[in-house]
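Written out below as structure tokens is the structure these notes cover.
To find a chain, count down the sequence lines: A is the first, B the second, and so on, and within it residues start at 1. Keep in mind it's a predicted model, so treat the numbers as computed, not measured.
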Amino acid sequence: LKLLVSWLRDFADVRLPVADLASTLSMCGFEVASIESVGTGLQACEDAVIDFEITANRPDCLSVSGLAREAATACRVPLVLPWADASGSPASGAPAAAPTAMRIAGERVTVSIDDPDLCPRYAAAVAEVKVGPSPDWLANRLLAAGVRPISNIVDVTNYVLLEIGHPLHAFDLERLDGRQLCARRARPGERLRTLDGEVRALDPEMLVIADHTTAQAVAGVMGGAASEVWSGTRIIALESAYFKPASVRRTSKRLGLKSEASTRFERGADINVPVTALERACSLLEQIGAGRRVGAPIDVYPAPRGPIDITLRRERIAWLLGVGVDDGEVVRILTGLGFGPIEAAGGWRVRVPTRRVDVQREADLVEEVARHFGYDRVPSHFPPLRAVSPRPDPRMARKSLARHVLTSAGFSEAVSYTFIDPADAAPFADAGEPPVPLAYPLSENFAVLRPSLLPGLVEGVARNRRHQVRDVRLFEVGACFSPSDGERRRVAFALTGAGVMEHWGGGMRPADFFDAKGVVERLGEAFGLALSFTEAGPPCLVPGRAATVAAGATPVGVVGLLVPSESGRRGLPPDDEIYVAELDLDAIDRMAQTADTQARALPRFPSIVRDISVVVDERLRSEQVRATIQRVAPGTLVGLREFDRYQGQGIPEGRYSLSLRLTFRASDRTLTDADVQAAMEPIMEALVREHRAVQR
Amino acid sequence: MPDAAEIERLRAQFQAALAGAATEPGLREVRDRYLARKGGVIASLMKAVAGAEPADRPALGQLANQFKHEIEEALEARRAALGAGRPTAGAVDITLPGRQAPLGHLHPLTHVRQQIESIFGRMGYELLEGPEIEDDYHNFEALNMPPEHPARDMQDTFFLGRPVPQRGLGTPGTRTSTRPAPPDRPATLLRTHTSAMQIRYMEAHEPPVRIVAIGKVFRRDNPDLTHTPMFHQFEGLLVDDGVTFADLKGTLTAFVREIFAPDTTVMFRPSFFPYTEPSAEMFIGCVFCGSKGCPVCKRTGWLEILGSGMVHPSVLEAVGYDAERYSGFAFGTGIERVAMLKYGVDDIRLFYENDLRFLEQFSF
């Protein structure tokens, strides 16, 4: 809200310099966006426009008088308004007393409410007018507040909107069929050209103001073009109503149409101010010679609402704030803000004016006191700790462990968007499960929830490659989504470039499958899981260089070489090999080892090492060789490790040589060569028998 | 016959030869020329001295010997000078770069997160994570934002194209749950704030509650220097007997003085959040200009850092707490905001580009 300071000073004799007034109101909760000086040096009084950002709970302060009330309270000066304040008065008289119709020039003007659930009150005044420009003082005030002057009639409605905060709308009465104003739901298929020239399709959930035949305004949002005040308008009907906030908000959103009126109605107007606003508008019309009211205002208000009373207990102020506030100050603040505190046992009964839609219970009143008492006067204190906090969630600790293992393996941590391009997601989605779509994405780039962390990581690799970074290792820990399983936590990584980094001492080699597999094995070790690898992978990985990772019988992830089409799609050369892996942390959480490590005694006797090399069929997996050895070896075999694999010259076509290092040790004695020889014989026999192995 | 002048001449010749020997082989050649047993300059000199007049012999002999010593010393000194700095056997050039075991960098947001967790961990808070997809009830309704509440505009929401099951995996703090689990509702939106976790936690626990939850949140903002449609928040909640606004001020002041500097100045200003009453925005003295006023703080000297307030009684009631007995405070802010202030990052999008040139600036 753009506040012209001199306008505020009409209502409160605040003598602070502009900057101090801005900061005072800011400390009461009204954020200052900017301050702009206005006027010339000739003016005796400094004037300025302060632009406030009014929070959604304070529609009453979307007005000069609302902010004047706050300023008057903060500066301890009286608030003087040129109209009677009905907001704090009890629900007045018999509603039937007010007329719902009147006559002008022999014609009957009627106002009715068909849908009181959406329109609890509708008041209107009729005036004979002469349309023309507004006087300078009025036009200048509107301009200062950022409102374009249009004509004296429209300008007066806008002036009252800014001053009191209540939206008014002027209809050209003679353009209303049957001289009727009826608040009713729109009819199916009903359309209306609004003041901005757009034709709006209405639905029966929307409230309209209609004449005898058609809708003439979208209630609380915008008037219609057909009944707009124009230069030839002679008689106007001024609308001053109260519309249900949720309904206005819904209509405004549905139509994609926001206005000064809708902003106020959807936050909550003052149901008891409409007639005050009409009277203020009519007196202004007369004051500037724009028109003359005819008859008394019409007021349809079937179920009048009065202010509510809330009990404010003295001790609750200190209970919530941590500091007591003097009774005198409590009363001064509440009274200044327009509340009516009445001394009661233990505190006050506080009458809440209907403009204060945000104040509904005791805590709200405490906030009012605190705002004007000053947050800076509340002391700083440290709450006592009465209990030890619970143990940290092991799932979070496991994520930290994954981060630790992966950074130790040279991977830097990535954070990617949760929503991605469907084209990026598709190759990584679980079979037959399209990714979860967003209803109204910002763009196609952000249209679906990621089914996997890999698209983001691959994009990260590609971005770095495009910036001439050759060796890239990235990982991410985060949530992925599928339509049937919902949210899943995963950890994933991607690497490309060197497996062993370049160094002046040599030893560099490109990354391969086993670099990726080794990292997965390390993660398994960290989680206390024995992982197994089987030759099968999702379609995003190259067959033959991909594996499914399982813990026991449960698949927990994948590892392998990304298909070249995925790197090619991101502009990388086809020979760029990107290895990736992804593990399901939720599955791992259910199986991971949580017991403390139990340390084993160190061996007391020396071990003996034997190396063997066998030539076997290339279709034989090393895992099978290892399994055979472990099955027939005695318990003294404590270590078994492949240390070479060779295929080529000297080895028959279709076979390869595998070298293994076996370590034997007994826990109760020093083994002899003879013991080891006795162990090796059945091992070799089994390899020959079962795998047609030939010892080299 | 040799005489003193002849020796003087030889000395001058030697000095010139020595000066011209810049390498070890060159030096060896000079040495051979002068000191060789056969045909060396000195050997010839000695022979000539031996053949001199007996009367001159002692003096000449002394001069010749002195000259020989000079040559030996000069050659040795020269050799030592030429050889200086040569490695001894097995020595390496220790100035070559070391062979570094690969070590990755943690994301700057993780660094900030770890600091936040450490600070609140020491204050006795339980650290939690929750689901990123939520239902309307937990994200809005239970937080005092019924349908069509205008405050929903403050957090423009991403809705899912279709409801997705919540498997309860994301429910924070279920391990320590003391209350029956609320029914799972299908998720319909991406959470707009971590406050949704407050509700899930309180539904599952009786007071006292002292939690900090961290995670991703989502709002419909097009990416620019200071906005992204996804960012990270941390959210704290304390509910107990006798918790006051003064406790809120003390706790948050302690927090910012740990995460920023010990002499950080703070200011609390009234604000509005539907789920707190009273609500407060916390400001810190501008870290860029020392509160003098600069473009970053819009010349105010203050930077907004946290939203906070006393938990709204309606929120306590929504989870079945006795709002007459218990009070509490809640607070939250963007991790990116803290990271940008701490590390001087001026473009929030850098956090999601996964550019190693950015990530490698931060520690491990």
Side-chain angles (χ1 to χ4, degrees), chain A residues 27-29 55-57 246 249-250 266-267 320-323 361 363-364 366-367 370-371 375 378-383 385-387 389-390 392-393 396 403 406-407 410-418 436-439 442 446 460 463-464 469 473-474 479 483 486-487 501 503-505 586, chain B residues 96 99 102-107 109-110 124-127 129 131-133 148 150-151 154 158-161 164-167 169-170 175-176 187 208 210 216 220 222 229-230 238 243-247 249-250 253 268-272 277-278 280 310 313 327 351-356 359 364:
Chain A
M27 292 311 288
C28 294
T55 52
N57 60 327
R249 183 182 140 90
R250 194 192 151 279
E266 72 173 43
R267 285 163 168 72
L320 202 57
L321 297 184
V323 63
R361 53 194 300 173
D364 301 325
V366 176
E367 180 176 65
R371 281 196 308 118
Y375 281 9
V378 177
S380 267
H381 182 256
F382 204 76
L385 181 58
R386 281 188 248 274
S389 70
D393 188 333
M396 289 174 67
R403 285 190 173 95
L406 287 163
T407 52
F411 291 80
S412 288
E413 189 178 13
V415 174
S416 318
Y417 284 108
T418 293
V436 179
L438 289 182
L442 279 183
F446 296 129
R463 172 184 288 271
N464 282 290
V469 181
R473 294 183 175 210
L474 288 172
E487 186 169 344
M501 298 295 163
H503 188 254
W504 57 267
D586 286 330
Chain B
L96 278 168
R99 196 176 281 114
L103 191 54
H105 299 254
L106 285 178
H107 199 279
L109 297 176
T110 300
Y125 287 71
E126 183 177 0
L127 308 172
E129 290 177 345
E132 292 174 16
I133 50 175
E148 304 301 342
M154 292 159 72
F158 284 111
F159 292 96
L160 304 182
V164 168
Q166 285 274 27
R167 298 252 178 246
L169 288 167
R175 295 167 308 108
T176 55
R210 204 180 262 244
K216 285 180 181 167
R220 302 184 65 89
N222 278 302
M230 173 188 92
L238 189 154
V243 179
T244 69
F245 191 73
D247 294 325
K249 284 185 70 174
T253 303
F268 290 84
R269 200 179 72 184
S271 186
F272 167 63
E277 192 79 23
M310 303 304 293
S327 57
F351 292 118
Y352 316 110
E353 288 179 352
N354 302 327
D355 191 323
L356 285 168
L359 297 176
F364 303 106

Closest non-hydrogen atom pair, [X] against [Y]:
X	Y	answer
B/Pro270	A/Cys28	CG-C, 3.7 Å
A/Leu320	B/Met310	O-CE, 3.8 Å
A/Tyr375	B/Phe268	CB-O, 3.6 Å

Based on non-hydrogen pairs under 4.5 Å, which of [options] is most in contact with chain A?
options	result
B/Leu359, B/Thr244, B/Asp247	B/Asp247
B/Ser271, B/Ala246, B/Gly250	B/Ala246
B/Val243, B/Asn222, B/Thr253, B/Leu356	B/Leu356

Between [options], which has the largest tally of heavy atom pairs under 4.5 Å with chain B?
options	result
A/Gly322, A/Ala479, A/Ala439, A/Ala246	A/Ala439
A/Ala370, A/Ser416, A/Gly505	A/Ser416
A/Arg371, A/Met396, A/Arg403	A/Met396
A/Pro437, A/Pro383, A/Gly460	A/Pro383
A/Leu406, A/Leu442, A/Val366	A/Leu442
A/Thr55, A/Val378, A/Leu474	A/Val378

Quick one, B/Asp355 and A/Asn464 - any side-chain contact, counting heavy atoms below 4.5 Å? yes
Is any side-chain heavy atom of B/Phe158 less than 4.5 Å from a side-chain heavy atom of A/Leu438? yes
Enter the distance from A/Ser412:OG to B/His105:NE2 here, rounded to the nearest 0.5 Å. 5.0 Å
Kindly say whether [Y] contributes a backbone atom to a donor-acceptor pair with the side chain of [X] at under 3.5 angstrom?
X	Y	value
A/Glu487	B/Ile133	yes
A/Asn57	B/Phe272	no
B/Asn354	A/Val415	yes
A/Glu413	B/Leu106	no

At a heavy-atom separation under 4.5 Å, does [X] approach chain A through its side chain, its backbone, both, or neither?
X	value
B/Phe351	backbone
B/Arg269	both
B/Tyr125	backbone
B/Ala280	both
B/Pro208	neither
B/Leu160	both
B/Ser327	both

With a 4.5 angstrom heavy-atom cut-off, is it the side chain or the backbone of A/Phe411 that approaches chain B, or both, or neither? backbone
Those residues at least two apart in sequence (or on a different chain) that pass salt bridge (Lys or Arg N to Asp or Glu O under 4.0 Å) with A/Arg463 are B/Glu353
A/Arg473 meets the salt bridge (Lys or Arg N to Asp or Glu O under 4.0 Å) criterion, sequence neighbours left out, with none
